[in-house]
Amino acid sequence: MRPLSPPAARTALVALAALATLTACGGSPAADSAAGRDGGGAKGAKGTVTIRIPDPGNAGVLARGKKDGSLDKALAAVGAKVAWTGSAGPFAPAAQAMNADQLDIATGSITSGITSLSQSPGFVFFTATAPDPVGEGILVREGSDIDSVEDLVGRKVAVNKGGTGEYLLLKALAKAGIPADKVERVYLRPDQTAAVFNAGQVDAWAVWSTYAVAEIGSGKAHFVADGTAIGSDNYSLNAVRSGFVKEHPEVVEALYAYLHDNSAKEKRDPAAYLNVFTDAGPTAVNGKAKEVQIAFTAKSGTVDPIKPEDIKRFETVAGFYADQKVTPNKVDIAAHLLDIEKLS
């Protein structure tokens, strides 16, 4: 939602989450309660619909829209306003937040989406952003003797369980004809992996651009196989709480139109969507890392409606996850998709 900014630093909502239990996301019950007082999807005293979206941070379409007021303007046209809730984080906790009526919008990969759908979901997906061809892959340190996917045999690879990392590794191994059990998967949270990777405690890291940019930009790592080489079908998707879209379809349509139009602008001019609020500190991207991010975003997809051809690829991923025992059964992804072009 590629998280609602790039995935994958992608061009969509790469941005999310909101519950106290979401420790990776930094939300709090008090903030959530305050944000939802005039609605969390319900209309307040003045009839304004509040849509709860994770804070976008310092980059991406939503960050720029938050700063320049353009998102407020687009939503005001349909009687809505944003409550920024929590901060950027993984899709799994964001899905839990939507299920608990603590969040209305979230972004994540199709892979993490499938695992979340296997647990009584209270959300549907309404946009698709094409798989990232260059910003995700299998990362190795410079100087590593791993020169190909085949060289991963007998090695340790960091992945996030059930999400993009595990998918990328399993997909790469399957394409190379390597049994999955020939490589040790080390399950780590993405935001905790860089230190482990750089300390040499794992040999490789299956990762996406949100985390890969800093490593590649430092000159200390590179992809041994990127999304194109892997044959990744790892779409970025935006999800909406089922109750919200049922009650306020016009708000979801307006948000989609904003994301679609502005993701195309971001793709044309990626630099304008970086360091939106500050060009210093831990959230800023500068130097070589900035060049890497700009190059990734320029080659990434835009936020689009979910098409029949996309659904076929989603179903392929769902079948692959079942075959690889990541999910106990094949998830019926098609049952949880929304055609944004036929919403009204």
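These figures come from a predicted structure and were not determined experimentally.
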Here the gap from L71 atom CG to I53 atom CD1, rounded to the nearest 0.5 Å, amounts to 6.0 Å
Item to check | Cation-pi, F277 ring and K66 (6.0 angstrom, 45 degrees) | outcome: yes
OH of Y167 to OG1 of T115, rounded to nearest 0.5 Å, is 13.5 Å
Looking only at heavy atoms, the pair that brings L168 and G137 closest together is CD1-N, 3.7 Å
- prompt: Taking a hydrophobic cluster as the set of Ile, Leu, Val, Met, Phe, Trp and Tyr residues connected by side-chain heavy atoms closer than 4.5 Å, whether directly or through intermediates, do V276 and V303 fall within one such cluster?
  reply: no
Review point. Same hydrophobic cluster for V245 and Y258, using side-chain heavy-atom links shorter than 4.5 Å among ILVMFWY?
Key: yes
Once you measure the plane-to-plane angle for F244 and H248, does it fall in the parallel (<30°), tilted (30-60°) or perpendicular (>60°) bin? tilted
Between the OG1 atom in T193 and the CG atom in L188, the distance rounded to the nearest 0.5 Å is 4.5 Å
When every non-hydrogen atom of R313 is compared with those of P131, the smallest separation belongs to NH2-CG, 3.6 Å
Rounding to 0.5 Å, atoms CG (N160) and CD (Q192) come to a distance of 12.0 Å
dist I340:CD1 -> F126:CZ (nearest 0.5 Å) comes out at 6.0 Å
Practice task
Give a yes or no on whether the backbone of N286 and the side-chain of N275 come within a donor-acceptor separation of less than 3.5 Å.
Solution key: no
query = Do the non-hydrogen side-chain atoms of D203 and L152 ever get within less than 4.5 Å of each other?
reply = no
To the nearest 0.5 Å, atom OG of S118 lies from atom NZ of K330 at 14.5 Å
Subject >> Trace of the side-chain contact (heavy atoms from CB on, under 4.5 Å) decision for F314 with L237 >> reply: CA-CA 11 Å; F314 296 171; L237 308 179; 3.6 Å; yes
*asked:* Please check this pair: side chain of T85 against backbone of A83, looking for a donor-acceptor N/O pair closer than 3.5 Å.
replied: yes
Across all chains, not counting sequence neighbours, the ring pair (Phe, Tyr, Trp, His ring centres under 6.0 Å) partners of F123 are F91, F125
Residue pairs passing the ring pair (Phe, Tyr, Trp, His ring centres under 6.0 Å) test with at least one member in residues 173-201, sequence neighbours excluded, are F197-W205
Polar side chain donor-acceptor pair, S109 to T164, under 3.5 angstrom = yes
Open item on the list: Please check: side-chain N/O of N99 versus main-chain N/O of G122, any donor-acceptor pairing under 3.5 Å?
Closed with: yes
Do side-chain atoms of S116 reach the backbone of G113 as a donor and acceptor pair under 3.5 angstrom? no
_Between R155 and D145, is the salt bridge (charged side-chain N to carboxylate O under 4.0 Å, His left out) condition met? List the steps._
CA-CA 11 Å; R155 307 300 184 99; D145 60 354; 3.1 Å; yes
Those residues at least two apart in sequence (or on a different chain) that pass side-chain hydrogen bond (donor to acceptor under 3.5 Å, both in side chains) with N329 are none
Heavy-atom closest pair (E142 atom, G219 atom, distance to 0.1 Å) is CG-O, 3.2 Å
In short, salt bridge (Lys or Arg N to Asp or Glu O under 4.0 Å) pairs touching residues 164-177 with sequence neighbours left out are E166-R185
Any side-chain to backbone donor/acceptor pair from D226 onto A229? Under 3.5 Å, distance only. yes
By side chain to side chain contact (heavy atoms under 4.5 Å, CB included), E184 pairs with (sequence neighbours left out) K156, V186
- Tell me, do I230 and I138 make a side-chain contact under 4.5 Å, heavy atoms counted? yes
T129 (side chain) donor-acceptor with G301 (main chain) under 3.5 angstrom: no
So does A63 get a backbone contact from the side chain of Y273, meaning a donor-acceptor N/O pair under 3.5 Å? no
Taken in chain and number order and not counting sequence neighbours, the residues that satisfy ring pair (Phe, Tyr, Trp, His ring centres under 6.0 Å) with H260 are Y256
| Stepwise salt bridge (charged side-chain N to carboxylate O under 4.0 Å, His left out) test for E291 and K288 | CA-CA 5 Å; E291 295 175 17; K288 182 63 177 179; 3.7 Å; yes
TODO: Identify whether the distance between the nearest side-chain nitrogen and carboxylate oxygen of K182 and E150 falls below 4.0 Å.
DONE: no
_Backbone of E215 reached by a side-chain donor or acceptor of S218 within 3.5 Å_ = yes
* To do: Look at R52 together with D101 and state whether they make a salt bridge at an N to O cut-off of under 4.0 Å.
  => yes
So N234 and I110, do their side chains get closer than 4.5 Å, heavy atoms only? yes
